[in-house]
Amino acid sequence: MGAPGLTVERVASDTGTAKFDLLLSFAERHAPDGSVDGLSAGLEFSTDLFERDTAERIVARLLRLLTAMTANPQARLGEVPLLDEGERAAVLSGGRGAARPARDASLSERFETAVARNPHGVAVETAAGAVGYPELNTRANRLARLLIDRGVGPEDLVAVAMPRSAELVTALMAVLKAGAGYLPVDPEYPAARIAFMLEDARPALVLTTRELAAALPEALAGRTIATDDPKAGEALAGYSATDVTDDERARPLHPAHPAYTIYTSGSTGRPKGVVMPAGALANLLDWHQAQLPGEPGTRVAQFTAVSFDVSVQEILSALLHGKTLVVCPEDVRRDPAGLARWLHDAGIKELYAPNLVIDAVCEAATAQGLELPDLTDLVQAGEALTPHGAIRTFCADRPGVRLHNHYGPAETHVVTACPLPADTDAWTPGPAAIGRPVDNTAVRLLDPWLNPVPPGVPGELYITGAGLARGYIARPDRTAERFVADPYGPPGARMYRTGDLARLTRDGQLTYLGRTDTQVKIRGFRIEPGEIGAVLTTAPEVARAAVVVREDRPGDRRLVAYVVAAHGAEPGPRRVREHAARHLPDHMVPAAFVTLDALPLTPNGKLDRAALPAPEYRGDTASGRPRTPEERALCALFSEVLGVAEVGADDEFFDLGGHSFLAARLVGRIRDEMGGDLPVRAVFDAPSPAALARLLTGEAAVEGDSTGTLLPLRARGSAAPLFFLHPGGGFSWCYSGLVRHLGADVPVYGVQARGLDGTGPLPASMDEMVEDYLARIRSVQPHGPYRLAGWSFGGLTAQALAVRMRKEGEEVGMLAVLDSYPPGEHSDHSEPVEHEVVANNLRAMGFTFDMAELIADQERVLLRFREFLQGGNHPMAHLDHLEAQDVLALKDVYVNNVRIMRSYVPQFFDGDMLFISAERKPVGRETLLDVNLWQPLTGGSIEICPIDSNHGDLMTDARHAARIGRFLADRL
């Protein structure tokens with residue numbers, strides 16, 4: 001494929017190892033006379049993350065985009081389809097569930113068939129006793145005829161306001177037999193919400209109990225039937241117990257008639273009643289029976305609140321297929337330990353509940369040593385499922401238990417499903433896939449212009465097919481907004497716009513990515529709170545977590561994490577924050593961590609965000625009273641900037657809810673009020689009023705120059721410092737990602753090259769460099785034992801320093817060499833050619849340039865390299881202040897370090913060595929990069945930590961930094 005005027009050909013590329021996951025670069029191509037002769041482009045990708053055909057598809061779509069835009073420059077960019085017709089057809093086809101003919105039998109006929117097959121089976125079991133299938137059918141038939149006599153029929157609604165009981169189940173079946181739809185009213189709902197629902201839906205009748213009838217609006221008095229009233233009992237006894245027929249109903253049953261209406265929360269604050277037709281419900285139940293067949297008598301927990309649409313699936317999947325519905329007692333529904341015991345004692349096989357409930361039950365069962373031998377199926381719906389911790393442990397210990405992840409909004413009920421593998425080791429990290437569409441339904445992942453998105457690309461999820469609701473009761477405006485025309489279906493087809501984001505994996509599974517309307521923007525960053533919650537639950541101390549954005553002060557939006565402790569653990573805010581900081585970028589680390597006994601749940605078992613308490617922005621350490629005027633003044637400024645009522649001298653800024661923007665504000669207020677001129681990073685190194693006071697009074701010093709020869713990555717701590725020696729580029733910022741994984745009491749310094757500021761002579765040899773660095777290290781730590789580490793060129797320097805220190809009688813407590821090797825038999829000892837050294841390094845960092853231009857105008861190329869660093873997510877992009885002379889100084893330092901490395905001959909070190917090995921070696925260089933080269937130069941042991949990485953990614957990939965940091969922390 002090509003675009004007009006654009007020729008594409010395959011050329012050899014010596015890019016070495018990819019420095020980025022994916023890099024698309026463009027550069028002008030010049031003719032011999034210097035004129036522009038078109039564009040050259042290249043796509044470089046990490047083979048660890050992308051397959052070749054994926055990269056080729058990206059290029060093909062780019063060319064398709066270029067072709068379309070050059071053919072019609074007036075076209076809107078987003079409207080250009082990136083898929084060809086074949087790909088579009090394949091994507092749309094892959095989003096369809098299996099086609100299955102619909103059964104003719106109505107819901108009531110299916111129940112009657114189950115009754116006939118189970119004349120001695122138990123339909124509903126409660127603490128008060130059991131009700132058999134024939135008895136339940138008789139009760140429902142008589143109540144259905146009473147409803148019909150009161151004028152109820154198809155297209156009518158009957159509200160059912162009852163506690164969970166056999167009477168509730170009887171009422172639901174009676175409404176369906178009469179041909180009407182039922183409106184579940186949870187008695188625990190606030191009176192105002194119940195009144196709104198009944199006024200909005202205007203049911204023909206209300207079925208309830210005498211106790212609850214008194215709490216219903218007076219306007220319904222003439223339309224209310226208390227089924228436990230003796231007068232109602234006398235009336236019911238006079239009706240026939242035989243099955244109701246269409247001859248008795250106001251009109252014959254039809255799949256389009258409503259089966260139920262359930263109210264769901266509205267984004268405007270006004271609940272919306274979702275009207276689900278009987279045909280859609282029947283389609284779901286047919287699919288359900290094929291997926292979870294179960295023998296007659298299979299015991300199903302009636303756990304879910306009847307106002308939650310999962311209850312429909314829970315109740316009817318049992319009753320229409322001969323299973324036994326066991327009503328969970330109210331006193332254990334919100335008690336995980338009690339619920340686990342009840343599941344065990346009742347012999348429950350199937351449990352339907354949101355994952356927060358299932359997780360809590362699994363933890364409680366494990367803690368109590370309950371095997372739950374009868375339990376076979378855990379079915380979760382309502383929240384994104386992250387099968388971690390307690391759920392994983394529970395299922396791993398009980399191979400007979402299957403975990404099902406069901407997805408679907410109330411407007412469609414269940415529309416996709418994913419049974420997780422029986423082998424819990426096969427469960428992928430993070431949220432579980434939501435699977436594939438159920439029978440006779442389809443999903444579409446579309447962009448804002450309703451174009452299908454390619455596999456792997458996030459799109460908004462639309463649902464079409466047999467599972468759609470009719471719309472919202474009495475809300476034509478909202479119905480038209482969410483139930484829209486399906487451009488890819490037959491004439492008249494509709495699809496529901498979910499507002500959920502998802503993507504399609506290569507194996508056809510859908511992955512839920514969150515809501516389009518719950519992504520938040522904090523300090524300029526777009527954040528998905530669910531991603532943070534998933535990370536927090538990987539902490540061993542945390543069983544469950546929820547993350548929300550709070551604005552307790554106008555304009556001050558902060559991420560707040562709520563965590564529930566794992567059994568026997570104490571997740572202190574500091575420990576959980578450190579865990580988050582090891583796995584998340586700074587802007588995603590919550591400002592506050594609140595520990596709760598349990599996450600508050602709505603009656604449906606979902607997270608009740610409104611009930612989450614406001615955090616108190618304090619750490620879990622003693623604060624200390626201010627001891628000096630400077631400490632008192634700083635405590636007051638901390639309080640002002642953070643909005644905290646009281647701050648102690650030892651309270652740390654980030655434990656109190658601070659973040660980088662507030663740190664800048666604090667430094668400004670210190671300058672205004674106290675005259676102290678501190679860099680922002682001083683707040684990171686000295687985060688308490690007491691520590692900052694020592695800086696202001698000269699009792700401590702902070703190094704704010706990024707080019708200084710001693711870079712304090714973390715200056716505080718009582719343990720012996722760890723010194724990282726710079727790699728060939730001279731800067732030590734590359735080690736900053738390791739700091740959070742090291743012990744909190746270990747000070748960490750980076751030793752940087754002389755000359756980065758463009759001044760002073762560069763060292764002529766390794767001996768001269770070591771002499772200089774030893775003096776710098778001793779200015780912080782006069783005597784050993786010393787701890788040294790270094791990556792690449794820094795590994796050679798660290799080893800040379802260790803040798804020098806031992807010659808001077810100092811103890812070396814740690815020498816860590818990070819993928820650095822002494823010269824071998826085939827090493828290059830030649831004098832380096834400057835432009836060749838620069839070219840190799842620029843290519844290794846993913847920068848595209850013309851070699852002839854580099855030779856002719858090195859400064860110009862290096863200035864473009866500076867722009868490249870500033871414009872991307874490069875490890876050196878923090879040096880956004882580099883001027884032209886800084887770039888040239890960096891080049892001089894690098895070339896000089898290559899010269900030193902080629903001429904240096906390492907000496908014998910009589911201690912132990914820790915060696916971090918990047919296992920992905922460049923082809924043909926395996927013998928040059930062999931850890932055994934260190935063996936004759938090391939008197940002690942060499943402990944190796946292998947990392948599945950190449951040399952360049954060792955310090956730039958957060959996953960590798962975490963493992964290296966933990967390895968070093970264990971040895972520290």
Nearest heavy-atom contact between Glu646 and Ser639 is N-OG, 4.5 Å
Output yes when Glu630 and Arg694 qualify as a salt bridge under the 4.0 Å nitrogen-oxygen rule, no when they do not.
-> no
Return yes if some donor-acceptor pair links the side-chain N/O of Arg971 with the main-chain N/O of Phe967 below 3.5 Å, else return no. yes
For Leu818 and Ala789, the nearest pair of non-hydrogen atoms, with its separation, is CD1-CB, 4.4 Å
With side-chain contact (heavy atoms from CB on, under 4.5 Å) as the test, would you mind laying out the steps for Tyr749 and Leu722 before giving the verdict? CA-CA 6 Å; Tyr749 292 86; Leu722 175 59; over 6 Å; no
Spell out, as yes or no, whether a donor-acceptor pair under 3.5 Å connects the side chain of Arg787 to the backbone of Ala720. yes
Side-chain ion pair, Glu808 and Arg778, N-O less than 4.0 Å:
yes
Could you tell me if the side chain of Asp912 sits less than 4.5 Å from the side chain of Glu943, heavy atoms only? no
Exercise for review: For the residue pair Leu596 and Val563, establish whether any side-chain heavy-atom pair is separated by less than 4.5 Å.
Suggested key: no
**Item:** Thr538 and His579, any side-chain heavy atoms less than 4.5 Å apart
**Value:** yes
Counting N and O atoms only, with roles assigned by atom type, does the side chain of Gln752 sit under 3.5 Å from a partner on the main chain of Ser732, one being a donor and the other an acceptor? yes
Exercise for the section: Taking Asn897 for its side chain and Tyr894 for its backbone only, find out whether a donor-acceptor pair lies under 3.5 Å. Expected result: no
**OP:** On the 0 to 90° scale, with breaks at 30° and 60°, tag the His726-Tyr773 ring pair as parallel, tilted or perpendicular.
**Re:** perpendicular
Taking Glu771 for the side chain and Ala775 for the main chain, is one N or O donor matched with an acceptor at less than 3.5 Å?
no
> Is it true that a side-chain atom of Tyr562 and a backbone atom of Pro613 form a donor plus acceptor pair closer than 3.5 Å?
Replying inline: yes
In terms of heavy-atom contacts, Ala390 and Cys362 come closest through O-CB, 3.7 Å
Worksheet item: If you measure from the Lys or Arg side-chain nitrogens to the Asp or Glu carboxylate oxygens, is any gap between Arg804 and Glu810 under 4.0 Å?
Response: no
* To do: Report yes if the side chains of Tyr786 and Glu811 come closer than 4.5 Å at any heavy-atom pair, otherwise no.
  => no
In short, Ala798 meets Leu788 closest at the heavy-atom pair O-CD1, 3.7 Å
Side chains of Leu710 and Ser779, heavy atoms from C-beta outward: is any pair under 4.5 Å? yes
Could you check Leu725 against Trp791 for side-chain contact (heavy atoms from CB on, under 4.5 Å), going step by step and ending with a plain yes or no? CA-CA 7 Å; Leu725 283 302; Trp791 169 51; over 6 Å; no
In short, Arg550 meets Val560 closest at the heavy-atom pair CD-CG2, 3.8 Å
### Query
Mind checking whether Ile916 and Arg963 have side chains closer than 4.5 Å, heavy atoms only?
no
Closest non-hydrogen atoms of Asp359 and Ala543, given as atom of the first, atom of the second and distance, are OD2-O, 3.2 Å
What I'd like to find out is whether the side chain of Val576 reaches to under 4.5 Å of the side chain of Thr595, using heavy atoms alone.
no
Close side-chain approach of Cys945 to Ile964, heavy-atom, < 4.5 Å
no
